[in-house]
S.K.: 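Let me give you the structure first, and then I'll get to my questions.
Each chain gets a letter, A, B and so on, in the order the sequences are listed, and its residues count up from 1. Note that this is a predicted model, so its numbers are computed, not measured.
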Amino acid sequence: MKTRHLRHIGTEAQREPHRHIYLVPLCASCLCASIFRRRISTFMRASQLLIPTLREVPADAEVVSHRLLVRAGFIRKAAAGVYNLLPLALRVVKKIEAIVREEMDRQGGQELVMPIIQPAELWQESGRWDVYGPELFRLQDRHGRDFCLGPTHEEIITDLVRNEVKSYRQLPLLLYQIQNKYRDERRPRFGLLRGREFIMKDLYSFDRDQAGLDISYQKMFFAYSRVFERCGLRFRPVEADSGAIGGKDTHEFIVFAEAGESTIVFCNHCDFAANVERAFSPPERFGVDEEPAPLREVATPGRRTVAEVTAFLGVDAKRLIKTLLFETEQGVVAALVRGDRDVNEIKLQKELGVLRCELADSATVEKVSGAGPGFAGPVGLAGVKIAADLEIMQMTNAVTGANKDDAHLVNVNPGRDFQPDLVADLRLVKAGDACPGCAHPLSATQGIEVGQIFKLGDKYSKVLGATYLDESGQARPVIMGCYGIGITRTMAAAVEQNHDENGIIWPFSIAPFHVVVVPVSDRDEKQMEMAQKTYASLLAAGIEVVLDDRPERPGVKFKDADLIGYPLRITVGKQAVRSGELEVKKRAGGETTFVPAEKIVSYVREIIEGALAG
RNA sequence: CGGGAUGUGGCGCAGCUUGGCCAGCGCGCUUGCCUUGGGAGCAAGAGGACGGGGGUUCAAAUCCCCCCAUCCCGACCA
């Protein structure tokens, strides 16, 4: 195709808006000489980009990131928990992925791609076909063979490694992919924060031994910290529970945000931080120096709750033993915690080794304890397993339900009056509890889990038979770790953390574009020409820029620029034409600077480079 | 999965209780005029058969039944 001069493209194009004018490459003497060399296939003109912004808030969007990503034209829903990523969102995703790749590669990670569709056999081999439950998307091929859509890839990668890695000489190995993942969430919600289809980076480490795993784990811990720092997020790594994936040591990377579904507790005096699911706080000693008194029953008509009982009897809640009945597949279990504590159901479930653990309904409570809810107690409670929190065994002369309506027992002494089947840490830690490290009171906050790293050990290599031969020719299971980052979730988390009432405020590092050039009046030839030139020179300098050439009134363009969240906005109005100075406004903070047109490229470049370096 | 709610042009909603005029409004969209520093104005248009199915009725968006979808609230997730 022959190159054409289009010196005055601005006004020509407005009057004659045929698509081909935009697509014709421009010659070196006028606008964008280097476009072909830069392999930019289309011009970044707002009039031609698919950025469907919405004035009104979609009715089904609740959290900020969901609302803004939909309104600003980044995502559209295809089904519950399943989204289209429109061009702007894809650009952000690619930026995050690029950062992730750099940090994984820096640690020696090798990228590969594994299948989304996975054969059931592998999952049956690992035992997770049954364990994973309804969250696993299952499907069959035409022959009736079972498959699932991968929610994670331990089975596949372990299968790969057991077939291809035979010698200690091939270890350690860090393999990762960035791939769609599928989890049929019981309740998809919050837009990209909890979808059923999402993009995730998952890396798997393979080492000879525990010491090697420790090194791989450290590498990933470091890499993850760098990734989220570079994404411009305020976050914290916290000790976590390992959940269904299994394993021992594990940390979650939590981005602080109100909308987050994770609660973490942390210490302001030392570096302790943990997910409440897993947090431990040392048992408090209370009333230990008392002499055990004789057991006695007292009438407590209608006093069911801890608050009612303590008020009625005039005792501290710390003196109560709260008895909660849970239904599990192994029958009903009574969990005992102090009156002012709550049960951590995850801990309970783990200690019991059960898959299902739900608070029993009142009918079950009545059947088991012989009394309505509020009057159950461990003394004389027959036929159910009793699990007591650590603090319980230190209590003296406690108060419990009497297993009959309108009565409690006082001077209950664990060990004397009842014997638990299990004593363990069952308590849900909350703000104010003592830090396990330094005993100062803990703080609590909400956050979004954007990454998690696990030490798996030989859990998968053993069942799937992934072994290598060591120097002495001995077969040993490879020692594994796995490390995930939710890419799309990270994008949403970034919006949760970086927005104001007008829209998104992208950090430079993951912004879809760095600059938008806005001519105030698309009918003013001088403005349009200046805007075109500014845009073209920025583009030629390799800067990620959009020209808002839509025939809209200025207010509309400003509102959209704020909503979409371009870090920099260059406005070309009457003053600019008159003075030759362009207005550059920072989205974050709103600071405005006037820059001579001929210096705009270096000025913008400096800001961007400064932001990306920092 | 339990509890609550909603499905009416692209988006946001009214209409439904007390069935009945051709199913309305705002935004967006198209065309024209006009306007151009924070989502302007005027005029003329296009676009839905009311989530799906069944039923009641002379007549159903409105009443009844079933199903589906979506959203919100609660309980082992990147």
S.K.: Are more than 12 heavy atoms from other residues, nucleotides or ligands located less than 6.0 Å from atom CG of A:Leu112?
M.R.: yes
S.K.: Round to a whole Å and report the spacing from CG of A:Leu563 to C1' of B:G38.
M.R.: 13 Å
S.K.: Apply ring pair (Phe, Tyr, Trp, His ring centres under 6.0 Å) to residues A:Phe253 and A:Phe221 and explain how you reach the verdict.
M.R.: CA-CA 9 Å; A:Phe253 286 75; A:Phe221 191 100; 5.5 Å; yes
S.K.: Using whole Å, what does the distance between atom C1' of nucleotide B:C77 and atom CZ of A:Arg189 come to?
M.R.: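 Between C1' of B:C77 and CZ of A:Arg189: 10 Å.
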S.K.: Grab the CD-C1' distance between A:Glu185 and B:A78 for me, whole Å please.
M.R.: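 After rounding, the gap between these two atoms is 9 Å.
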S.K.: Say you pick atom P in B:C63 and the same atom in B:C21; how far apart are they, in whole Å?
M.R.: 16 Å
S.K.: Distance check, P atoms only: B:C72 and B:C27, in whole angstrom units.
M.R.: 28 Å
S.K.: For A:Gly486 and for A:Thr53, find the nucleotide of RNA chain B with the closest heavy atom, then tell me which residue's nucleotide is more 5'.
M.R.: A:Thr53
S.K.: Taking CG from A:Leu193 and C1' from B:A78, how many angstroms apart are they, rounded to a whole number?
M.R.: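 In whole Å, B:A78 C1' and A:Leu193 CG are 11 Å from each other.
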S.K.: Using 30° and 60° as the class limits, which term best fits the ring planes of A:Tyr217 and A:Tyr483: parallel, tilted or perpendicular?
M.R.: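 Aromatic pair A:Tyr217/A:Tyr483 classed tilted.
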S.K.: Hey, is the side chain of A:Gln349 poking within less than 4.0 Å of OP1 or OP2 on B:C76, counting only N and O atoms?
M.R.: no
S.K.: Within the sub-3.5 Å range, which N or O atoms of nucleotides 8-12 of chain B have a protein N or O partner, and how far apart are they?
M.R.:
unit_1, atom_1, unit_2, atom_2, d
B:C11, O2, A:Glu56, OE2, 3.4
B:G12, OP1, A:Ala59, N, 3.0

S.K.: Map every base of RNA chain B to its dot-bracket character, where paired means a Watson-Crick or G-U wobble contact with both distances under 3.5 Å and | marks a partner outside the strand.
M.R.: (((((((..((((......[...)))).(((((.......))))).....(((((..]....))))))))))))....
S.K.: Do you know which two heavy atoms are closest between A:Lys574 and A:Gln527, and how far apart they sit?
M.R.: N-NE2, 3.5 Å
S.K.: Starting at atom CE of A:Met104, determine the distance to atom P of B:A78, rounded to an integer number of angstrom.
M.R.: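 About 16 Å, once rounded to whole Å.
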S.K.: When we call it a touch if two heavy atoms are under 4.0 Å apart, what does A:Asp560 touch: a base, just sugar-phosphate, or nothing?
M.R.: base
S.K.: Starting at the 5' end of RNA chain B and moving along, which residue's nearest nucleotide shows up first, A:Arg187 or A:Ile199?
M.R.: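 Residue closer to the 5' terminus by nearest nucleotide: A:Arg187.
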S.K.: How are the rings of A:Tyr83 and A:His66 set relative to one another: parallel (under 30°), tilted (30 to 60°) or perpendicular (over 60°)?
M.R.: perpendicular
S.K.: Without decimals, in angstroms, what is the distance between A:Glu261 CD and B:C72 C1'?
M.R.: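 From A:Glu261 CD to B:C72 C1': 13 Å.
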S.K.: For nucleotides B:G51 and B:C13, find the distance between their P atoms and express it as a whole number of Å.
M.R.: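 These two P atoms come out 15 Å apart once rounded.
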S.K.: How about A:Glu258: does its CD atom have over 12 heavy atoms from other parts shown lying under 6.0 Å from it?
M.R.: no
S.K.: With sequence neighbours left out, what residues match A:Glu185 under side chain to side chain donor-acceptor pair (under 3.5 Å)?
M.R.: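 A:Glu185 satisfies side chain to side chain donor-acceptor pair (under 3.5 Å) with A:Arg194 once adjacent residues are dropped.
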S.K.: For A:Phe280 versus A:Val429, what's the shortest heavy-atom pair and its separation?
M.R.: C-CG2, 3.9 Å
S.K.: Measuring only the P atom in each nucleotide, how far is B:C25 from B:A46? A whole number of Å is fine.
M.R.: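 Between the two P atoms, the distance is 13 Å.
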S.K.: Run the side-chain donor-acceptor check on residues 499-506 of chain A: report pairs under 3.5 Å with partners two or more places apart or on a different chain.
M.R.:
unit_1, atom_1, unit_2, atom_2, d
A:His499, ND1, A:Val495, O, 2.9
A:His499, ND1, A:Glu496, O, 3.1
A:Asp500, OD1, A:Asn502, N, 2.8
A:Asp500, OD1, A:Gly503, N, 3.2
A:Asp500, OD1, A:Arg587, NH2, 2.8
A:Asp500, OD2, A:Arg587, NH1, 2.9
A:Trp506, NE1, A:Ile564, O, 3.1

S.K.: Is the backbone N or O of A:Ala561 less than 3.5 Å from a side-chain atom of A:Arg569, with the two atoms forming a donor-acceptor pair by type?
M.R.: no
S.K.: When the C1' atoms of B:A69 and B:A75 are compared, how many Å lie between them, rounded to an integer?
M.R.: 24 Å
S.K.: Roughly how far apart, to the nearest Å, are B:G74 and B:C29 at atom P?
M.R.: 38 Å
S.K.: If you look at every strand shown and take non-hydrogen atoms under 4.0 Å, does A:Lys347 touch a base, only sugar-phosphate, or nothing?
M.R.: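 It contacts nothing in the nucleic acid.
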S.K.: What nucleotide, of B:A40, B:A78, B:G38, holds the atom closest to the side chain of A:Val556?
M.R.: B:A40
S.K.: Please work out which residues in residues 61-84 of chain A have a non-hydrogen atom less than 4.0 Å from an atom of RNA chain B and list them by number.
M.R.: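 Output list: A:Glu62, A:Arg71, A:Lys77, A:Ala80.
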S.K.: Taking atom P in both B:C64 and B:U57, compute the distance separating them and give it to the nearest angstrom.
M.R.: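 Those two atoms are separated by 16 Å.
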S.K.: Would you please name every residue forming a side chain to side chain donor-acceptor pair (under 3.5 Å) with A:Gln118, sequence neighbours left out?
M.R.: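 Applying side chain to side chain donor-acceptor pair (under 3.5 Å) to A:Gln118 gives A:Trp123, A:His153.
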S.K.: Please check the phosphate of B:G28 (OP1 and OP2 only) for any side-chain N or O of A:Arg55 closer than 4.0 Å.
M.R.: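 So the side chain of A:Arg55 is within the cut-off, an N or O lying under 4.0 Å from OP1 or OP2 of B:G28.
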S.K.: Under 3.5 Å, is there a donor-acceptor pair between the side chain of A:Lys585 and the main chain of A:Ile570?
M.R.: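 Not a single qualifying donor-acceptor pair exists.
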S.K.: Given atom CZ of A:Arg186 and atom P of B:U70, what is their separation to the nearest angstrom?
M.R.: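 Nearest whole value for this atom pair: 17 Å.
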S.K.: Keeping to residues at least two apart or across chains, list the salt bridge (charged side-chain N to carboxylate O under 4.0 Å, His left out) pairs with something in residues 72-87 of chain A.
M.R.: A:Asp60-A:Lys77
S.K.: I need a per-nucleotide contact map over nucleotides 30-37 of chain B, read 5' to 3'. Cutoff is protein heavy atoms under 4.0 Å; write B for the base, S for backbone only, - otherwise.
M.R.: -----BBB
S.K.: Of all residues at least two apart in sequence or in a different chain, which pass the side chain to side chain donor-acceptor pair (under 3.5 Å) check with A:Thr445?
M.R.: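 With sequence neighbours excluded, A:Thr445 shows a side chain to side chain donor-acceptor pair (under 3.5 Å) to no residue whatsoever.
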S.K.: If you take all heavy atoms of A:Gly260 and A:Ile448, which pair is closest and at what distance?
M.R.: CA-CG1, 3.6 Å
S.K.: Using a heavy-atom distance cut-off of less than 4.0 Å, which residues of residues 251-259 of chain A contact RNA chain B?
M.R.: none
S.K.: Return the orientation label for the A:Tyr182 and A:Phe137 ring planes: parallel under 30°, perpendicular over 60°, tilted otherwise.
M.R.: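 It falls in the perpendicular class, over 60°.
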S.K.: Sorted by first residue and then second, give each ring pair (Phe, Tyr, Trp, His ring centres under 6.0 Å) pair with at least one member in residues 348-367 of chain A; sequence neighbours left out.
M.R.: none
S.K.: Going by side chain to side chain donor-acceptor pair (under 3.5 Å), name the residues that satisfy it together with A:Lys95, two or more places apart in sequence or in a different chain.
M.R.: A:Glu544
S.K.: Which whole number of Å gives the distance between the P atom of B:C50 and that of B:G3?
M.R.: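 It works out to 30 Å between them.
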S.K.: Would you mind reading off the distance between A:Arg196 atom CZ and B:C71 atom C1', rounded to a whole angstrom?
M.R.: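 Interatomic distance, CZ of A:Arg196 to C1' of B:C71: 13 Å.
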S.K.: Please work out if A:Gly191 contacts a base, only the sugar-phosphate, or nothing of the nucleic acid, heavy-atom cut-off 4.0 Å.
M.R.: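 Counting heavy atoms under 4.0 Å across all strands, no contact is made by A:Gly191.
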